[in-house]
Student: 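Mind looking over this structure? Questions follow.
Per chain, numbering begins at 1; letters A, B, ... match sequence-line order.
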There are 2 protein chains.
Amino acid sequence: MTFTNLFDRFASGILSLSMTEATRTKLEAAARYASALSGDAPIVGNDKDQIVFVGSGSVKLVAHASAGREQVVAFQFAGDLVSVPATRAHAYSLSALDDCELISFPADEFFKLVQQEEGIILEVLKCSLVALANCREKAITLGRKTAQERLASFLVSMAERGGTPVDRGVELHLPMSRSDMGDSLGLTIETVSRQLSELRASGLLITPSRSKFLLLDLAGLQARAGHIRAAA
Amino acid sequence: MTFTNLFDRFASGILSLSMTEATRTKLEAAARYASALSGDAPIVGNDKDQIVFVGSGSVKLVAHASAGREQVVAFQFAGDLVSVPATRAHAYSLSALDDCELISFPADEFFKLVQQEEGIILEVLKCSLVALANCREKAITLGRKTAQERLASFLVSMAERGGTPVDRGVELHLPMSRSDMGDSLGLTIETVSRQLSELRASGLLITPSRSKFLLLDLAGLQARAGHIRAAA
DNA sequence: TCGGCGCATTGATCCAGATCAATGTGCTCT
DNA sequence: AGAGCACATTGATCTGGATCAATGCGCCGA
C-alpha cells in the first residue's frame with residue numbers, strides 16, 4: 001500500500017467529507033508516515049503532543065515511569081485515532097504490536113489546520129471521548145479489581161472489539177504478548193499466565209496457540225469480570 | 001448566585017464568543033441546573049451520557065463495580081467540563097465534595113446543538129484531551145506505583161492545580177476525605193493515613209488540620225512520586 | 001465550654017500477587 | 001525437518017498493602 005492510499009484511508013475514516021480541498025492539501029503536507037513491525041523501536045517521539053492515525057495493524061501506547069516501570073495505557077487498532085502526549089511527569093511512546101502503518105501530526109499543527117472544519121473536530125472529539133471512557137474503565141480495573149477480574153475484563157473487552165463468533169464460542173486473535181497484557185493490567189507476566197490457566201481449568205476458554213484464544217463462555221467471563229451487571 | 005449568572009459563567013469559560021445567539025438560547029433551554037453539598041446523593045444520573053459544567057465548588061466522578069467497590073475516576077473543580085458516561089460495564093456518578101453548582105446537558109443534545117460551532121467543539125475537545133491525559137496519568141499511578149508514590153503524585157498534582165505558595169512552602173486545601181483519596185488512588189483509608197504519616201515524619205509536609213496541607217518540600221515529594229524526571 | 005461523634009491514626013495479622021527459580025513449548029531461521 | 005530461543009507455564013517463597021481491631025482527636029451543636 002502506498003502512503004497516498006494510507007492518507008485516503010485516514011480521510012474516509014476520520015476526516016469529514018465536507019472538508020475543503022485546501023485543508024486536505026495542507027493536512028496531507030503536514031502528515032508524517034511511518035510503518036513498523038513488532039520489536040521495532042517506538043515509533044512516535046515525545047517532545048511534542050502528537051495525533052496519530054493507525055492505518056493498519058495494531059499498536060500499544062506505553063507510559064514510562066521511574067526505574068524502568070512501564071504501563072500500557074491503551075491498545076489501539078486499525079482505524080483508531082490516538083493522542084500521544086508529550087513527556088511531562090511521565091514519558092509516552094507508541095510501539096507496534098504487529099506490522100502496522102501510521103500517520104502522525106504534531107497536535108498543535110493539526111488543530112490549527114482543522115479548526116474551521118467542525119465536522120472533523122467533532123469526529124476527533126468523539127474519538128477522544130471514547131478513549132477517555134476506555135481509560136476510565138482501565139482505571140477501575142487497575143484500582144479495584146483482582147487479577148482474575150482483570151483478565152476476564154480484558155478478554156471480554158477484546159472480544160467485543162475484535163472477536164469472531166464461531167460455533168463453540170468466540171475466537172480471538174490477540175497480537176500482544178503476555179508481558180504486554182501484564183503491563184496493561186498492572187500484573188506480572190506470571191500472574192497473567194496463572195490466571196489464564198485458571199480460566200482454562202474452569203472451562204471458560206481454550207488457547208489453541210500463543211496468540212489465539214477461543215472463549216467458550218463469554219457470559220461466564222463477564223460474570224467474573226467484576227462488572228456492575230452481567231450483560232451489556 | 002442565580003442560575004442565569006451560572007450560565008454566564010459557563011458561557012464565558014467554555015463557550016466561544018463567536019457562538020450565535022440562536023445556539024446560546026437553545027443551549028440555555030437544554031441546560032439543567034443543580035446545586036448540592038457534600039454528603040448529598042449523587043447529582044448526575046446515569047442512564048444517558050451527560051456533559052456537566054462545574055460552575056463552583058468541587059466534585060468527584062465515581063465509578064461503581066460489583067460488590068460495592070468504588071473507584072474515584074477524577075476530582076473536578078470550578079470551571080471544569082466533565083463527561084459522565086452512561087452505565088455499561090460499570091456505573092458512574094458525580095458527587096459533591098463541597099457546596100457546588102452544576103450545569104448538565106444530555107450529551108447527544110449538547111453535541112447536536114453545538115455541531116456547527118467549531119469554536120465550542122474545539123474547546124470541548126481540549127477539555128476532553130486534558131481529561132484523557134489526566135486519566136492516563138492515573139492509570140500509571142494505579143498500575144505501577146507504590147502507596148507512597150501514589151500519595152506523593154497526588155499531592156504534587158493537587159499542588160499544581162490549586163496550591164498557594166507561602167513562605168514555608170505550598171499550602172493546599174483539599175476538599176475530599178481520606179476515604180475519597182483512597183478510592184482515587186486504589187488504596188485503603190488506613191494506607192493513605194500511614195503514608196501521610198510517613199511523609200510527615202520525613203519532614204515533607206505538615207497537616208495543620210484534616211483538610212489543610214502544608215507541603216514543605218515540593219521537590220522532595222516529586223522525587224518520591226516515581227516520575228520519569230524530577231521537575232516539570 | 002463541653003460532650004459526642006465521625007473521621008483519622010496507629011497497631012497486629014493475613015493474604016493476593018510479586019519475586020525468585022526451574023521447566024516446558026510454540027515459532028523462526030537455516 | 002531440526003535446532004535454538006524467546007516466550008510461556010508452573011512451583012516455592014516473600015512482602016506490601018489489605019483487613020481486622022483499638023484508640024485518638026478535630027469539628028459541630030447545645
Student: So, A:F105 versus A:F10, ring centres under 6.0 angstrom or not?
Tutor: yes
Student: Please report the distance, rounded to the nearest Å, between CG in B:L97 and P in C:dC7.
Tutor: 14 Å
Student: Hey, does the side chain of B:K48 reach the backbone of B:A107 with a donor-acceptor pair shorter than 3.5 angstrom?
Tutor: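 Judged by distance alone, no pair lies under 3.5 Å.
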Student: Determine which pairs satisfy salt bridge (charged side-chain N to carboxylate O under 4.0 Å, His left out) with at least one residue from residues 193-211 of chain B, sequence neighbours left out, and list them in order.
Tutor: none
Student: Tell me: CG of B:L199 to P of C:dT9, nearest whole Å?
Tutor: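 Taking atom P of C:dT9 as the reference, CG of B:L199 is at 12 Å.
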Student: Indicate yes or no: at least one non-hydrogen side-chain atom of A:L205 is less than 4.5 angstrom from one of A:L172.
Tutor: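 With C-beta onward as the side chain, the pair stays apart.
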Student: Short question: side chain of A:R150, backbone of A:K145 - any donor-acceptor pair under 3.5 Å?
Tutor: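 Looks like yes, one N/O pair under 3.5 Å.
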Student: May I ask you to say what B:G186 touches in the nucleic acid, namely base, sugar-phosphate or nothing, with a heavy-atom cut-off under 4.0 Å?
Tutor: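 It contacts sugar-phosphate atoms only.
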Student: To the nearest Å, give me how far apart CG (B:D180) and P (C:dG6) are.
Tutor: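 For the pair B:D180 CG and C:dG6 P, the rounded distance is 17 Å.
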Student: Is there side-chain contact between B:D49 and B:F110, with at least one heavy-atom pair below 4.5 Å?
Tutor: no
Student: If we count only N and O atoms by modelled type, under 3.5 Å, do the side chains of B:E101 and B:S56 hold a donor and an acceptor together?
Tutor: yes
Student: Is there any ring pair (Phe, Tyr, Trp, His ring centres under 6.0 Å) pair reaching into residues 57-79 of chain B, and which pairs are they, with sequence neighbours excluded?
Tutor: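 As it turns out, there is no ring pair (Phe, Tyr, Trp, His ring centres under 6.0 Å) pair with a partner in residues 57-79 of chain B once direct neighbours are skipped.
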Student: Looking only at side-chain atoms of A:L196, point me to the closest of D:dT9, C:dT9, C:dA18.
Tutor: D:dT9
Student: Generate the contact string for nucleotides 19-30 of chain C. Rules: B means base contact, S means sugar-phosphate contact only, - means no protein heavy atom under 4.0 Å.
Tutor: BB---BBSS---
Student: Provide, to the nearest angstrom, the distance between the CD atom belonging to B:E198 and the C1' atom belonging to C:dT9.
Tutor: 14 Å
Student: A:R200 has an atom CZ; how far is it from atom C1' of D:dT9, in whole Å?
Tutor: 8 Å
Student: Roughly how many Å is it from CE in A:M181 to P in D:dA8, rounded to a whole number?
Tutor: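 One finds 7 Å between P of D:dA8 and CE of A:M181, rounded.
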Student: Is any side-chain heavy atom of B:P42 closer than 4.5 Å to one of B:V62?
Tutor: no
Student: Measure from CD on A:Q195 to P on D:dT10 and round the result to the nearest Å.
Tutor: 12 Å
Student: For the helix from C:dT1-D:dA30 to C:dT30-D:dA1, what angle lies between the axis at the first five pairs and the axis at the last five pairs, to 10 degrees?
Tutor: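 Taking five pairs per end, the axes differ by 60°.
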Student: For A:S12 and A:D8, indicate whether the former's side chain and the latter's backbone hold a donor-acceptor pair under 3.5 Å.
Tutor: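 Pair found, side chain donor or acceptor close to backbone of A:D8.
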Student: More than 12 heavy atoms of other residues, nucleotides or ligands under 6.0 Å from CZ of B:R32: is that the case?
Tutor: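 At most 12 heavy atoms, drawn from other residues, nucleotides or ligands, come within 6.0 Å of this atom.
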Student: Between B:R144 (side chain only) and A:E70 (backbone N and O only), is there a donor and an acceptor less than 3.5 Å apart?
Tutor: yes
Student: Below 4.0 angstrom, which residues in residues 57-66 of chain B have at least one non-hydrogen atom near DNA chain C?
Tutor: none
Student: Nearest whole angstrom, please: distance from the C1' of C:dA8 to the CZ of B:F213.
Tutor: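 Roughly 11 Å, once rounded to whole Å.
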Student: A quick test of your reading: do over 12 heavy atoms of other residues, nucleotides or ligands sit less than 6.0 Å from CZ of A:R168?
Tutor: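 Counting neighbours around CZ of A:R168, 12 or fewer heavy atoms of other residues, nucleotides or ligands fall under 6.0 Å, so no.
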Student: Do B:E149 and A:R69 have side-chain heavy atoms sitting under 4.5 Å apart?
Tutor: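 Of all side-chain heavy-atom pairs linking A:R69 with B:E149, at least one is under 4.5 Å.
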Student: Which residues in residues 137-152 of chain B have at least one heavy atom lying under 4.0 Å from any atom of DNA chain C?
Tutor: none
Student: Side-chain N or O of B:R178 less than 4.0 angstrom from OP1 or OP2 on C:dG6?
Tutor: no
Student: Counting the atoms with a prime plus P, OP1 and OP2 as sugar-phosphate, which does B:S197 contact under 4.0 Å by heavy atoms, base, sugar-phosphate, or nothing?
Tutor: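 Counting heavy atoms under 4.0 Å across all strands, the contact made by B:S197 is with sugar-phosphate only.
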